Amino acid sequence: MRVFKTQVVVVGGGAAGCYAALNLHRKGIKAVIVCKGLVGKSGASLFAGNLVLSGRLLGNTEEQARNTAEFLIKYHNQFLIDQEWAKHCGAWIASVYYPELEEAGLYFRRDDDGNMVVSPGKIRSIAANVQGNSGVPFMDMRRKQIIKAGIETIEETVVTALLRNSDGSVAGVFGLQVLTGEYIVVLARATILATGYSDRLHARSTGTREMSADGIAMAWRAGASMVNLEMQWWHTNDVAYPPTWQRMQIYPNPMLGSEKSARMVNSDGEQFFDQQKDDPLAFGPYTVQLKALAKQVHAGKARYTGGYYAGFDHCAPGEVEAYTTYAKVYRQLGMDFPKSLIETAVTAHYRQGGIDVDTTTMSSSIPGLYVAGGVGGHCNGLIALVTYDGKVVADGVADNLSNLREPDLLDQQVKQERDRLETLLYGNDARAEPCAPGELKEAVRALMWEKAGVEKDARSLNEALEDFSRIRRELLPRLRANAPVRAANYDWLDAIDCVNMIDAAELVVLSSLQREESRGPFMRRDFPETDNQNWLTANLLHKAGNGYRFEKRPYNLSMFRPDFSRANNLEVPW
Ligand SMILES: Cc1cc2nc3c(=O)[nH]c(=O)nc-3n(C[C@H](O)[C@H](O)[C@H](O)COP(=O)(O)OP(=O)(O)OC[C@H]3O[C@@H](n4cnc5c(N)ncnc54)[C@H](O)[C@@H]3O)c2cc1C
């Protein structure tokens, strides 16, 4: 086992984790990044297709700036966001984020006259190199910045537990280097969780294999409070077949340099979503699309798993291909572009909820534990917003570092975590029939999709809880890797993931039962109305002894507020 000592350990090497580490480095604070995949090459960040312009950037009018803020609060977060935080974040994106990226050498796409190409409309966006692929050059640049700054990284290493000092504060992390099978401990005064979303809890997802909700599960086991875990965002336009293409999206937003975007058609060939007509704010209309799709599903003209289609058959090929990657999917699948429409299906995209934080410092409810990016429950993400978290958390940690204690010696906890992982590798009863990690993972995802998926009710959610109790009783004690090999054993990693997925999925189901309304992408069959009177509130989940308790916390509505008390969610325009 290798033991590292540093001032701050950052868990995760996506947009949030990298920016947190870079900002700490600028402040002269030593940070180590531990990353389940490769820094800058794992997680959701490299899938970001384009970058929203906020404030008065690049000729944005006052109205466009206001629309962007309104989009973020209403359509992107269904009002479950601190509006003062949103205001500060928007101002930072306009004044610091984009200038800093250009200065660092990120190329924003320009036309032949040298003007930056934007998507037209009420809310505008730009792309790094090409729309659909912006995350790749963006994160390549971050990786280079991390290397250039000499920030230590421990890659292909999964953090499996938070270590605690005797006073309960977080003392660092325990992890497993997947390629060598070696354990590591990183002791630090502050720990920043930047593990991204938890989308791989569902059968269909845009997330990578790393998105097994490790951050939520570890933070909960350590006693941190959660917020709005039930709020899951869904994509409606991802490729249905083959299943391995489920992250490939037929992007519904305006294209760079064109007024048009993909259209959606039901199984009878009728168009049911045209972004120009149906989406009043014209950016990231996933929830608006989801509501349109739900109506088609109720009418028997689509399923959440397919039976409806999307494409660009109303566009000229050159219009799509000038600045986007969108034709690639069709061509690679051997389809006639742009004439063919592709069968699409729903996919779990971002989890809006997550660990509860104080947004002025990004501190969690446990001393020494901080959060940045998609794993937080304060906002629904976007690459610029999670980057802002990286700045705020670095400031928060720097201000408080001298008050955080030096880590204790933690031999007992280290032994416990080693024993837990060894059991997942070798099992604790050689005679018991093993439960295969890959199969259990699929079973959890299928159960979440069926019973806690797009539409759910108290009955299906309670059934999900019963299923989890049975899994805990009958399968978890027999869970072990297929082969007792230490190095590069991804089956062992699957077993580690399974435990996190079950811990987090149960919390998601409990939180879904608690929110007795439907709000945007959160759809309860038994509570179809959006209820601003009772539920325009954070749904907080605290640990209480061996159990849990819920609490409501109102939101600051300083800029925008809904103009109704209760209404059928499917008829609410956001
Ligand atoms: C398909 C797709 C398209 C998107 N399109 C856009 C877009 O067009 N524009 C936009 O602004 N945003 C877009 N987003 C959202 C944006 O990408 C995310 O908001 C953002 O990348 C989240 O960053 P993050 O750093 O929080 O998480 P991630 O980038 O997911 O990083 C998480 C990191 O944590 C690591 N990790 C996880 N668990 C552990 C563990 N146990 N131990 C160690 N490390 C761990 C992972 O390996 C990874 O490095 C898109 C997202 C997806 C999935």
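Keep in mind the model is a prediction, meaning the values are calculated, not measured. When a ligand or atom number is given, it counts from 1 through the structure's own listing order. When a residue number appears, it is its place in the shown sequence, counting from 1.
- Of all non-hydrogen atoms in Leu256 and Tyr323, the two that sit nearest each other are O-CD1, 3.5 Å.
- Under a 4.0 angstrom heavy-atom cut-off, Thr157 registers as being in contact with ligand 1.
- Taking distance alone, with nitrogen or oxygen atoms compared against 3.5 Å, Thr206 stays at or beyond that limit from ligand 1.
- Trp245 and Val329 make their closest contact through CZ3-O, 3.9 Å (heavy atoms, listed as atom of the first residue, atom of the second, distance).
- Ligand 1 has a nitrogen or oxygen under 3.5 angstrom from a nitrogen or oxygen of Leu382.
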Tabulate below the donor-acceptor pairs under 3.5 Å that side-chain atoms of residues 370-383 make, not counting sequence neighbours, or state none.
unit_1: Tyr370; atom_1: OH; unit_2: Asn400; atom_2: ND2; d: 3.1
unit_1: His378; atom_1: NE2; unit_2: Asp389; atom_2: OD1; d: 3.1
unit_1: His378; atom_1: NE2; unit_2: Asp389; atom_2: OD2; d: 2.9
unit_1: Asn380; atom_1: ND2; unit_2: His76; atom_2: O; d: 3.0

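- Among protein heavy atoms, the minimum distance from atom 44 (N) of ligand 1 is reached at Lys36 N, 2.9 Å.
- Taking the six-membered ring wherever Trp is involved, the centroid distance between the rings of Tyr326 and Tyr251 falls below 6.0 Å.
- Of the protein's heavy atoms, Gly196 CA, 3.3 Å lies nearest to atom 27 (O) of ligand 1.
- Under a 4.0 angstrom heavy-atom cut-off, Gln249 registers as lying outside contact with ligand 1.
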Exercise. Take Ser125 and Leu51 through the test side chain to side chain contact (heavy atoms under 4.5 Å, CB included) and record every step on the way to the result.
Key: CA-CA 5 Å; Ser125 63; Leu51 309 158; 5.9 Å; no
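- Of the protein's heavy atoms, Ala48 CA, 3.3 Å lies nearest to atom 6 (C) of ligand 1.
- In terms of polar-atom proximity, Ala15 is counted as a contact of ligand 1, with an N or O under 3.5 Å from an N or O of the ligand.
- Using a 4.0 Å cut-off between a side-chain N of Lys or Arg and a carboxylate O of Asp or Glu, Lys391 and Glu100 do not qualify as a salt bridge.
- Between Gly381 and ligand 1, no pair of N/O atoms sits closer than 3.5 Å.
- In terms of polar-atom proximity, defined here as any N/O pair under 3.5 Å, Ile383 does make such a contact with ligand 1.
- Selection from Gly376, Ala20, Gly49 by nearest heavy atom to atom 8 (O) of ligand 1 gives Gly49.
- Using 4.0 Å as the threshold, Gly135 has no heavy atom nearer than that to any atom of ligand 1.
- Scanning all protein heavy atoms for the shortest distance to atom 41 (N) of ligand 1 gives Asp214 OD2, 2.8 Å.
- Which parts of ligand 1 touch Ala194 is read off a 4.0 Å heavy-atom cut-off, strictly below it: atoms 32 (C), 33 (C), 34 (O).
- Atom 3 (C) of ligand 1 has as its closest protein heavy atom Phe47 O, 3.3 Å.
- Residue Leu46 does not touch ligand 1, judged by heavy-atom distances below 4.0 Å.
- Remark: minimum distance from atom 37 (C) of ligand 1 to any protein heavy atom is reached at Thr195 O, 3.5 Å.
- The heavy-atom pair separating Ile355 from Ser364 by the smallest distance is CG2-CB, 4.2 Å.
- Between Cys35 and Lys41, the closest side-chain pair of non-hydrogen atoms is not below 4.5 Å.
- Distances between N or O atoms of Val159 and those of ligand 1 include at least one value under 3.5 Å.
- Closest to atom 47 (O) of ligand 1, if we only count protein heavy atoms, is Ser42 OG, 2.9 Å.
- The backbone N or O of Ser205 lies less than 3.5 Å from a partner atom in the side chain of Arg200, making a donor-acceptor pair.
- Side-chain atoms of Asp238 and Gln246 include no donor-acceptor pair closer than 3.5 Å.
- In this structure, the side chain of Ser261 engages the main chain of Pro252 through a donor-acceptor pair within 3.5 Å.
- With a 4.0 Å heavy-atom cut-off, ligand 1 is reached by no atom of Cys18.
- The side-chain tip of Arg110 does not point at the ring of Phe108 from less than 6.0 angstrom away and within 45° of straight on.
- Checked by distance only, ligand 1 and Met211 stay at 3.5 Å or farther apart across all their nitrogen or oxygen atoms.
- Side chain to side chain, Asn67 and Arg124 fail the donor-acceptor criterion of an N or O pair below 3.5 Å.
- Every pair passing ring pair (Phe, Tyr, Trp, His ring centres under 6.0 Å) that includes a residue from residues 199-224 is listed here, sequence neighbours excluded: His202-Trp234.
- Across Gly49 and Ala127, no two heavy atoms sit closer than the pair O-CB, 4.4 Å.
- For the residue pair Thr208/Lys36, the side-chain donor-acceptor check at 3.5 Å is not satisfied.
- Near Gly37, with a cut-off below 4.0 Å to any heavy atom, the atoms of ligand 1 are 47 (O).
- With ligand atoms numbered from 1 in the order given, ligand 1 contributes 26 (O) to contacts under 4.0 Å with heavy atoms of Gly373.
- Distances below 4.0 Å separate heavy atoms of Asn50 from the following atoms of ligand 1: 7 (C), 8 (O), 9 (N), 10 (C), 11 (O).
- Salt bridge status for Glu70 with Lys122: absent, with no side-chain N to carboxylate O gap under 4.0 Å.
- Using a 4.0 Å heavy-atom cutoff, Leu51 is absent from the residues neighbouring ligand 1.
- Contact atoms of ligand 1 toward Val34: 43 (C), 44 (N) (distance under 4.0 Å to a heavy atom of the residue).
- Selection from Ser45, Ala44, Gly40, Gly390 by nearest heavy atom to atom 30 (O) of ligand 1 gives Ala44.
- Nearest protein heavy-atom neighbour of atom 19 (O) of ligand 1: Tyr197 OH, 2.4 Å.
- Smallest separation of non-hydrogen atoms from Val397 and Ala190: CG1-CB, 3.9 Å.
- No donor-acceptor distance shorter than 3.5 angstrom exists from the side chain of Asn77 to the backbone of Ile73, with no hydrogens or angles considered.
- If you look at Leu385 next to ligand 1, there are no close heavy atoms at all, none under 4.0 Å.
- Contact atoms of ligand 1 toward Tyr350: 12 (N), 13 (C), 14 (N), 15 (C), 50 (C), 51 (C) (distance under 4.0 Å to a heavy atom of the residue).
- Salt-bridge check for Arg486 with Glu422: passed, with a basic side-chain N closer than 4.0 Å to an acidic carboxylate O.
- Any N or O atom pair closer than 3.5 Å counts here, and Gly374 shares at least one such pair with ligand 1.
- Residue Arg247 has no N or O atom closer than 3.5 Å to an N or O atom of ligand 1.
- Of all the atoms in ligand 1, the ones that sit under 4.0 Å from a non-hydrogen atom of Tyr251 are 8 (O).
- Proximity to Cys35 (heavy-atom distance under 4.0 Å) selects the following atoms of ligand 1: 43 (C), 44 (N), 47 (O), 49 (O).
- For ligand 1, the polar-atom distance check finds no N/O of Val375 at less than 3.5 Å from any of the ligand's N/O atoms.
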